[in-house]
Amino acid sequence: MTFDFSVTRTLSMAKKEVRHILQDPFTLAVALGFPLLLLTFFGYVIDFNVKNIRLLAVDSDHSRASRQLMEVFESSQYFKLTAAPSSGQIVHLLDEEKAKAVLMIEPGFGKDWARNRTAKAQVILDGADNSIAGTILTYLSGIQAAALKKLSGEEFRQTITLKTRFLYNPELNSQWFVIPGLTVVIIGIISILLTALTVAREWENGSMELLLSTPVRPLEIIIGKLAPYILIGLGAVVTVYLAARGLFQVPFKGNHLLYLVACALFLGTTLAQGLVISVVARQQALAIQLANITGMLPSLLLSGFIFPIESMPRFFQIFTSILPAKWFMVIIRGIFLKGAGLLDLKTPFIALFIINVVLIFIAAKSFKKDLEP
Amino acid sequence: MNPDFAVQVEGLTIQFGSFTAVDDISFSVKKGEIFGFLGANGAGKTTTIRTLCGLLTPTKGHVTVAGHEYKEGDLSIKKRVGYMSQKFTLYNDLSVKENLVFAANLRKISKSTHEKRIKELFAFLGFTHSDTTLVRDLPVGLKQELALAAATLHNPEIIFLDEPTAGVSPAARERFWALIRQLSAAGKTVFVTTHYLDESEQCDRIALMRTGKIIALDSPAELKKKTFPESLYELEPMSGQSQSAILSQLEKIKQSGAALEIQPYGMRYHVIVKDSRQWDLVKEQIKPTFSYKPTLPSMEDVFIRLVEGVDR
């Protein structure tokens with residue numbers, strides 16, 4: 001086969017594609033609206049930092065020590081205390097979602113403390129909402145230390161101090177963690193979905209036959225059709241980057257060039273994935289389904305975006321390794337928050353590269369077979 | 001390769017998996033001819049036409065179009081033919097001009113050439129809408145004419161039209177056929193498939209396809225002569241005749257042994273004469289009930305007879 005790639009044909013494909021995008025409200029909405037929607041959603045609406053937890057306090061001791069304990073809870077800002085009417089209604093109030101946790105201070109708490117015996121207080125948690133319960137649990141050890149310090153006065157000497165310092169995200173701000181990760185989700189969804197749709201539309205419309213009856217080459221069709229979506233994908237990368245830096249004040253510690261290279265690499269794999277889908281599905285409705293299942297779900301749920309891969313069952317820990325989204329997530333967070341370099345990220349980069357090559361190979365092979373008589 | 005032929009097909013077979021869509025067909029189309037491909041849906045017309053345009057690879061056999069034998073990956077045929085698919089293939093969300101310019105760019109026709117060519121085609125079609133009209137806003141008949149324009153932008157030697165008049169109004173169909181005749185008069189070879197039997201009479205030659213095979217191929221007149229060597233009469237019931245009277249008279253013809261077959265033809269009947277002496281006797285007897293006149297078989301008669309002949 002002679003190689004007579006035509007720039008004119010490719011450009012006119014691309015130009016036509018842009019006209020389609022501008023004419024089609026759905027594509028336009030996905031391309032522009034989706035990144036913004038996800039940014040607002042994950043940036044403002046969903047907040048993994050749990051604050052102002054409603055805590056019912058049942059103080060049956062009424063001592064100085066018990067009041068000091070409650071003050072410690074209150075001043076941590078994690079809890080909002082209300083005095084419980086009576087201990088009999090506790091479960092009822094938890095059921096009604098009036099409170100997420102209950103602090104029970106038994107009579108004798110103050111006395112035990114004064115006599116240097118272990119002073120006991122009980123915390124009851126609403127285990128139905130286990131994400132909040134888990135968070136409260138992590139706060140409790142801090143509260144315990146603070147209470148010990150407060151009740152015993154300044155002169156209390158701690159024999160061993162464990163000082164925790166969080167690197168890269170000292171305040172454990174969840175937005176710092178989530179927003180850069182959105183790059184993965186947004187590229188994943190936009191490029192897989194739009195690529196799958198654009199080719200499926202051509203089949204559904206019947207216009208693929210028109211294209212194929214002219215001397216246009218499959219490579220020209222692919223590049224011409226994908227070019228606008230590569231730009232949209234890169235546009236989404238820049239949008240998320242600007243929003244992260246500007247709106248959410250996430251620091252960027254890494255190398256911009258490396259960041260861009262990683263994005264391009266990931267974009268390559270998602271576009272290839274979209275092409276493979278379009279070969280399988282020649283109807284837009286089916287293409288949307290497949291893109292959601294193979295693109296949106298893994299990037300949202302199995303990439304480590306929200307749910308840590310380390311805490312998944314062993315099968316999923318291994319399974320997720322074939323998902324480009326998992327590796328790209330590691331790369332993005334590493335570059336963004338830690339300033340990691342290529343050497344630090346060699347494993348995810350190599351993995352992503354291999355997946356990229358394999359997917360592009362499959363896409364080129366199946367697409368070519370599909371198009372050429 | 002015979003230079004007088006625009007299309008030469010030899011032993012063409014096309015299989016999809018275990019299904020044979022086209023089964024060992026051979027035929028040739030002369031240059032400048034209007035060549036009709038007739039057959040029911042699923043007979044293999046579209047598969048054949050797609051193969052001739054280089055969209056499908058033959059499983060077996062040889063295909064030569066516009067002087068070039070089909071080779072996989074070779075674009076020589078695609079450059080020389082125009083193809084208008086059965087499905088409407090232009091973009092509804094783009095304007096008339098955008099569609100045509102896009103088609104021109106795919107074929108690398110220079111700007112000055114395609115602008116001139118589009119003007120010519122608009123004049124040829126009598127297209128008077130603004131070229132900024134969105135294609136979706138055009139009536140179906142005009143869309144088809146526009147698709148014809150897009151398929152002939154590059155001035156192809158052969159034009160393949162796959163059911164170009166399906167779903168179009170009778171007036172628009174008539175207009176479209178006038179365009180086809182003009183193209184032919186200008187020296188183009190037109191290869192057209194249809195399942196409208198009346199349209200096939202306008203072709204120079206027709207091939208009749210059935211389940212992947214060509215069961216007849218000739219000019220319409222020859223086909224009629226060959227298929228109906230007997231004479232054919234059309235009976236028209238006189239006004240005011242009761243159904244029972246008509247039926248009893250038809251029975252009389254049958255009894256006389258004059259007719260090979262009597263077929264209903266709309267409100268009328270076609271009598272295929274077997275024994276002309278008997279017929280001369282019986283036709284006088286049925287005079288009060290029917291008026292009769294000798295007639296030529298329509299393509300519908302031919303089609304029914306040929307297909308039944310194959311089925312027998």
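Within every chain, numbering begins at 1; the chains are lettered A, B, ... in the order of the sequence lines, protein sequences first and strands thereafter.
- When the shell of 6.0 Å around CD of B:Gln182 is examined, it contains more than 12 heavy atoms from other residues, nucleotides or ligands.
- Side-chain contact between B:Phe102 and A:Thr214: absent, with no pair of heavy atoms (C-beta onward) separated by less than 4.5 Å.
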* Would B:Lys78 and A:Ser213 count as a side-chain contact (heavy atoms from CB on, under 4.5 Å) if you check the C-alpha gap in whole Å, the side-chain angles of each, and the deciding distance to 0.1 Å? -> CA-CA 6 Å; B:Lys78 285 187 182 179; A:Ser213 71; 6.0 Å; no
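- Within a 6.0 Å radius of CZ in B:Phe124, more than 12 heavy atoms belonging to other residues, nucleotides or ligands are found.
- Among residues 86-94 of chain B, the residues having any heavy atom closer than 4.5 Å to a heavy atom of chain A are, in sequence order, B:Lys87, B:Phe88, B:Thr89, B:Leu90, B:Tyr91, B:Asp93, B:Leu94.
- Legend: ring pair (Phe, Tyr, Trp, His ring centres under 6.0 Å) pairs involving residues 140-164 of chain B, not counting sequence neighbours, sorted by first then second residue: B:Phe160-B:Phe191.
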Can you give me every donor-acceptor pair (side chain of residues 47-54 of chain B, partner residue at least two apart or in another chain, under 3.5 Å) with its distance?
{"from": "B:Thr48", "atom 1": "OG1", "to": "B:Gly44", "atom 2": "O", "distance (Å)": "2.7"}
{"from": "B:Arg50", "atom 1": "NE", "to": "A:Glu209", "atom 2": "OE2", "distance (Å)": "2.9"}
{"from": "B:Arg50", "atom 1": "NH2", "to": "A:Glu209", "atom 2": "OE1", "distance (Å)": "3.2"}
{"from": "B:Arg50", "atom 1": "NH2", "to": "A:Glu209", "atom 2": "OE2", "distance (Å)": "3.3"}
{"from": "B:Thr51", "atom 1": "OG1", "to": "B:Thr47", "atom 2": "O", "distance (Å)": "2.7"}

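- Using a cutoff of 4.0 Å between basic side-chain nitrogens and carboxylate oxygens, B:Glu98 and A:Arg19 are scored as salt-bridged.
- Among the candidates A:Met13, A:Lys15, A:Glu202, the residue making the largest number of heavy-atom pairs closer than 4.5 Å to chain B is A:Glu202.
- If you tally non-hydrogen atom pairs under 4.5 Å between each of B:Leu106, B:Asn105, B:Leu134 and chain A, the highest count goes to B:Leu106.
- Put simply, of A:Thr10, A:Val216, A:Leu211, the one with the most heavy-atom pairs under 4.5 Å next to chain B is A:Leu211.
- Contacts between residues 22-40 of chain B and chain A, defined by a heavy-atom separation under 4.5 Å, are made by no residue at all.
- The shortest non-hydrogen separation linking B:Lys79 to A:Pro215 is CG-CG, 3.6 Å.
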